[in-house]
Amino acid sequence: MRYQQTPISRLSKAAKYLEADGGWHPFADEPGVYYRVRGKIVQRVRLEAGEREDLLRLYDDLDPLPSRAMREGFREELRFATEDDHYLLTGMLVRAYVGWDLLAAAAEPLGIRLVFMGGNSLQCAVVFREWTPEEIIRTLVLARAFAKVAALLAADAREGVPHIRSEITGLLRSAFEMGMEEVGPLKRAKRKRGTQESLF
């Protein structure tokens, strides 16, 4: 599933053709693409090959995400996937560098997975267990924090600056906490027993 949200003001004249009743509607002539208008935001969901239409229900209670969480790399589509008993924010790429496996080991306990795609690319996926706005925002902030730390470590690797795993974990935690401060207080969702309470 790919999710995107766009201010109506960016659509110019096309905005007048949108159904603004708050319900989901097929998007133009694109199969598997749906939109709805919520206030001044257009939400769009693109179902990928093999995904059922009933997955659209996941987005029924998802209000537009705050703009503070969507900036810096998340203005395009967000790619979500379901896997066993959890969800993934996936499809993000970062640059591979000598020693990236240490970053992968430090990030794994935080729910971040890295896969070497060949060349100089690593694909990143972030695991989260609750489909709530709060957890989705936390996941976006964590992904952004990871991308910043990965870029820093890639630059340090080129200059021969070494890092140890505990230091990398600290960098990830600090970047995440700073990102959460920038986003501001989140509306607390009701927790279900057995769900992930915190990333750290």
Side-chain angles (χ1 to χ4, degrees), residues 1-4 46-51 55 58 65-66 68-183 186 191-192 194-200:
M1 303 170 287
R2 293 179 181 267
Y3 172 82
Q4 186 177 30
R46 180 189 306 273
L47 299 177
E48 299 187 278
E51 292 182 331
L55 286 173
L58 285 172
L65 299 170
R68 296 184 305 275
M70 295 295 287
R71 67 182 182 218
E72 294 185 34
F74 294 119
R75 292 190 178 137
E76 299 304 321
E77 292 179 325
L78 300 173
R79 185 177 181 193
F80 294 105
T82 57
E83 185 179 284
D84 298 328
D85 62 344
H86 57 264
Y87 305 95
L88 295 171
L89 171 65
T90 187
M92 299 161 294
L93 297 177
V94 296
R95 185 177 298 277
Y97 62 91
V98 175
W100 67 266
D101 52 330
L102 196 59
L103 170 63
E108 186 177 10
L110 307 180
I112 300 173
R113 300 177 185 171
L114 279 181
V115 176
F116 182 58
M117 301 296 290
N120 64 350
S121 295
L122 301 170
Q123 187 175 66
C124 170
V126 184
V127 175
F128 61 106
R129 301 199 178 277
E130 283 188 286
W131 187 268
T132 63
E134 179 188 17
E135 286 306 309
I136 291 172
I137 292 168
R138 286 179 180 273
T139 300
L140 291 175
V141 172
L142 180 59
R144 192 170 68 201
F146 175 81
K148 287 181 178 179
V149 171
L152 170 69
L153 295 179
D156 284 353
R158 288 193 298 272
E159 297 178 10
V161 178
H163 293 277
I164 60 174
R165 178 174 170 173
S166 60
E167 181 185 7
I168 295 172
T169 301
L171 289 171
L172 290 169
R173 180 179 292 114
S174 296
F176 172 76
E177 291 172 354
M178 288 175 59
M180 290 302 297
E181 286 178 9
E182 290 176 7
V183 169
L186 300 180
R191 303 265 179 206
K192 296 178 183 178
T195 56
Q196 179 177 325
E197 184 68 28
S198 172
L199 290 169
F200 303 107

What is the distance from atom CG of Leu172 to atom CG of Leu153, rounded to the nearest 0.5 Å? 7.5 Å
Over all atoms of both residues, closest heavy-atom pair of Leu102 and His163: CD2-O, 3.2 Å
Give a yes or no on this: more than 12 heavy atoms of other residues, nucleotides or ligands lie within 6.0 Å of atom CD of Glu108. no
Residue pair Ile112 / Cys124: nearest heavy atoms and the distance that separates them: CG2-SG, 3.8 Å
Interatomic distance, Arg144 atom CZ to Met180 atom CE [nearest 0.5 angstrom]: 9.5 Å
Taking all non-hydrogen atoms of both residues, which atom of Ala157 and which atom of Tyr97 are closest, and how far apart? CB-CD1, 3.6 Å
Intermediate values then yes/no, side chain to side chain contact (heavy atoms under 4.5 Å, CB included), Leu58 and Tyr87: CA-CA 11 Å; Leu58 285 172; Tyr87 305 95; 4.0 Å; yes
Rounded at 0.5 Å granularity, tell me how far CZ in Arg113 sits from CD in Gln123. 11.5 Å
Rounded at 0.5 Å granularity, tell me how far CG in Leu88 sits from CD in Glu83. 5.0 Å
Is any side-chain heavy atom of Val94 less than 4.5 Å from a side-chain heavy atom of Phe146? yes
Would you say Arg95's side chain and Ala154's backbone share a donor-acceptor pair under 3.5 angstrom? no
Heavy-atom pair with the smallest gap, counting every atom of Arg165 and Ala105: NH2-O, 3.2 Å
Heavy atoms, side chains only, cut-off 4.5 Å: are Glu182 and Val141 in contact? no
Heavy atoms only: give me the nearest Glu51-Arg46 pair and the separation to one decimal. OE1-O, 4.4 Å
Side-chain touch Ile136/Leu78, heavy atoms, less than 4.5 angstrom: no
Give me the atom names and distance for the closest heavy-atom approach of Ser121 to Ala96. N-CB, 4.1 Å
Is any side-chain heavy atom of Phe176 closer than 4.5 Å to one of Arg138? yes
Point-to-point distance, once rounded to the nearest 0.5 Å, from CD1 of Ile168 to CZ of Arg173: 13.0 Å
Rounded to the nearest 0.5 Å, what separates atom CD1 in Ile137 from atom CZ in Phe128? 11.5 Å
For the pair Glu135 and Arg129, evaluate salt bridge (Lys or Arg N to Asp or Glu O under 4.0 Å) and give the outcome as yes or no after the intermediate values. CA-CA 8 Å; Glu135 286 306 309; Arg129 301 199 178 277; over 6 Å; no
Would you call the rings of Tyr3 and Phe80 parallel, tilted or perpendicular, where under 30° means parallel and over 60° means perpendicular? tilted
